[in-house]
**Q** 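One structure follows; several queries about it will come next.
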Amino acid sequence: MPTPADPDVSALLSVRQAIDILDAEPVVPRIVRLPLGRCRGLRLAQDVVSDRDYPPFDKSLMDGYAVRAKDIAAAPVDLPVVGVIPAGHWPEHPLEPGETMAIMTGAPMPAGSDATVPVEQTQELGAEGDVGRVRILTSVAAGYAVARQASDMAAGRIVLARGSIVDAPAIAVAASVGAAELEVYARPRVAILGTGDEIIPIDQAPTQSQIRNSNNPMLVALLERLGCDVTDLGIVADDEERIRASVQQGLGFDALFVTGGMSMGQFDFVPKALVELGVTLKITKVRVKPGKPFVFGVGGGEGLRASVPDASVPSSPFVFGLPGNPLSAFVCTLRLASRVIVRMSGGMPQDRWLTGRLDVGLPANGPREFYQPVMYRQPGGLTSRQNELPSIEPLAWKGSADVFTLARANALLVRSENEPTLPKGTMVRVLEI
Ligand SMILES: Nc1nc2c(c(=O)[nH]1)N[C@H]1C(S)=C(S)[C@@H](COP(=O)(O)OP(=O)(O)OC[C@H]3O[C@@H](n4cnc5c(N)ncnc54)[C@H](O)[C@@H]3O)O[C@H]1N2
Ligand code: MOO
């Protein structure tokens, strides 16, 4: 079936204008203090500072013998073994000229020593009296197999910056410096509401005219991935009263995502309900495909916010009205709503672009910025060095309801408004999804 031609979209906001509005909206992220083990994936609301030098002492990097390098310059040399330093123990006395001590990986070097000779380069000799002896077979330079105090990090330096994500390496850093609790930005609490008489829960059998609710589960997954604490408010029928009641419930959260009922149909009640509930609509319709009826609103829900058990909660909820079509809802969330969500989580919006060559040529684009599902493929190989560029296969686009194609895609090609044809082999960048 031919795709209907676009109605005139020249009066709508461009994606750029919509992004500028979203980025200009003030956001107050909530801050919480959590045990380190519960911070993974959240952003830091504080700098973390190193409490001491790392390593905290000159540290042996190998199992072997601590020496003064100049004592063994003429190796082989036999030395008396005047002590043993296991990791976790402080040397009992300094190393005098002409002596050595057995030392383990991670142990503090004794004062006076400047290198470790690995045990493989030595030979144990018999004891002389009650003092053991060792033959040092090869010489080493001063500093060999020793990490100097503070060579990894000096005390008092910022080791994790505010705004950065607490991932596994950051957890290792926080643990190292003894940050057992961290101040982090709390996950935004978001609610999802589906609308439409035709939408039924996924565990019910649809009649001929009904379809299952794919938007709510999709958005739960996507928004959890974006770091939100998500509540699914289910589906509400196309009934003004009921939509108003459910939207009002959603306004008690930090953000509400509503899908469906956003467009021009006789039963598209959502924008009207939002306005009646005190939400200020800052965006209604964008020159984007898919996703044209996208709505962004702020405020409303007065009196409901008091029930949120946290004094630092932002005063106004944000509302994202997404078109009912699943691809439209997906693209609008990923491209537009995520910019506010990221800031609510203490971050700055950052697009994840990947670059490659088009597998096939593409026709000219229409008047809306077009997000086409694509398959991005890396060339083979196990190391960073590559001569080949990644390839980008545009997937056949069957319209805004085609979740099947979306599920095969791993990126979105962004075609600008009225972009001319793109020949096969064109270098393009795509947004990772
Ligand atoms: N005369 C016009 N008609 C339409 C226009 C227009 O400009 N003029 N815009 C079209 C565009 S673009 C889109 S996108 C859709 C979006 O419409 P709505 O946001 O009002 O959404 P609905 O009509 O309620 O639903 C659209 C479509 O999506 C299905 N849907 C809805 N909810 C779900 C759900 N939870 N899970 C799965 N699928 C869902 C619904 O059954 C419809 O098929 O409007 C065009 N119309
Ligand atoms: O055509 Mo509508 O823009 O989103 O799918």
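What you see below is based on every heavy atom in this structure, not just the backbone, and it leaves out hydrogens, waters and symmetry mates. Both ligands and their constituent atoms are indexed starting at 1 by order of listing. Keep in mind that this is a model prediction, so the values were computed, not measured.
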**Q** Could you tell me, atom by atom, which parts of ligand 2 come under 4.0 Å of a heavy atom of R368?
**A** 1 (O), 2 (Mo), 3 (O)
**Q** Show your working on side chain to side chain contact (heavy atoms under 4.5 Å, CB included) between N215 and I192 and close with a plain yes or no.
**A** CA-CA 9 Å; N215 281 348; I192 295 170; over 6 Å; no
**Q** Name the option, out of G399, P271, G324, that contains the heavy atom nearest to atom 31 (C) of ligand 1.
**A** G324
**Q** Using a 4.0 Å cutoff against the non-hydrogen atoms of S328, which atoms of ligand 2 qualify?
**A** 2 (Mo), 4 (O), 5 (O)
**Q** Is K272 paired with E240 through a side-chain N to carboxylate O contact shorter than 4.0 Å?
**A** yes
**Q** Quick check: does G291 get an N/O under 3.5 Å from an N/O on ligand 2?
**A** yes
**Q** May I ask whether G261 has any heavy atom positioned less than 4.0 angstrom from an atom of ligand 1?
**A** yes
**Q** Any atom of ligand 1 sitting under 4.0 Å from a heavy atom of A401?
**A** no
**Q** Please state whether the rings of F370 and W397 are parallel, tilted or perpendicular, taking 30° and 60° as the class boundaries.
**A** perpendicular
**Q** When you measure from the heavy atoms of P290 to every atom of ligand 1, does any distance fall below 4.0 Å?
**A** no
**Q** Tell me if the CZ atom of R244 is crowded by more than 12 foreign heavy atoms within 6.0 Å.
**A** yes
**Q** With backbone taken as N, CA, C and O and side chain as the heavy atoms from C-beta onward, which portion of I211 lies under 4.0 Å from ligand 1: side chain, backbone, both, or neither?
**A** side chain
**Q** Between S263 and ligand 1, which residue portion shows a heavy-atom distance shorter than 4.0 Å: side chain, backbone, both, or neither?
**A** both
**Q** Among all protein heavy atoms, pick the one closest to atom 5 (O) of ligand 2 and tell me residue, atom and distance.
**A** S400 OG, 2.1 Å
**Q** Using a heavy-atom cut-off of under 4.0 Å, does the side chain or the backbone of I199 touch ligand 1, or both, or neither?
**A** side chain
**Q** Looking only at heavy atoms, is any part of D268 under 4.0 Å from ligand 1, and if so is it the side chain, the backbone, or both, or is it neither?
**A** side chain
**Q** In terms of the angle between their ring planes, are F57 and W90 parallel, tilted or perpendicular, with boundaries placed at 30° and 60°?
**A** perpendicular
**Q** Is ligand 1 less than 4.0 angstrom away from at least one heavy atom of G260?
**A** yes
**Q** Would you mind finding which of M262, E198, Q210, R368 brings a heavy atom closest to atom 40 (C) of ligand 1?
**A** E198
**Q** Under 4.0 Å, heavy atoms only, figure out whether ligand 2 is touched by the backbone of P323, its side chain, both or neither.
**A** neither
**Q** Tell me whether ligand 1 is touched by R212 - counting only heavy atoms on the residue side and a distance under 4.0 Å.
**A** yes
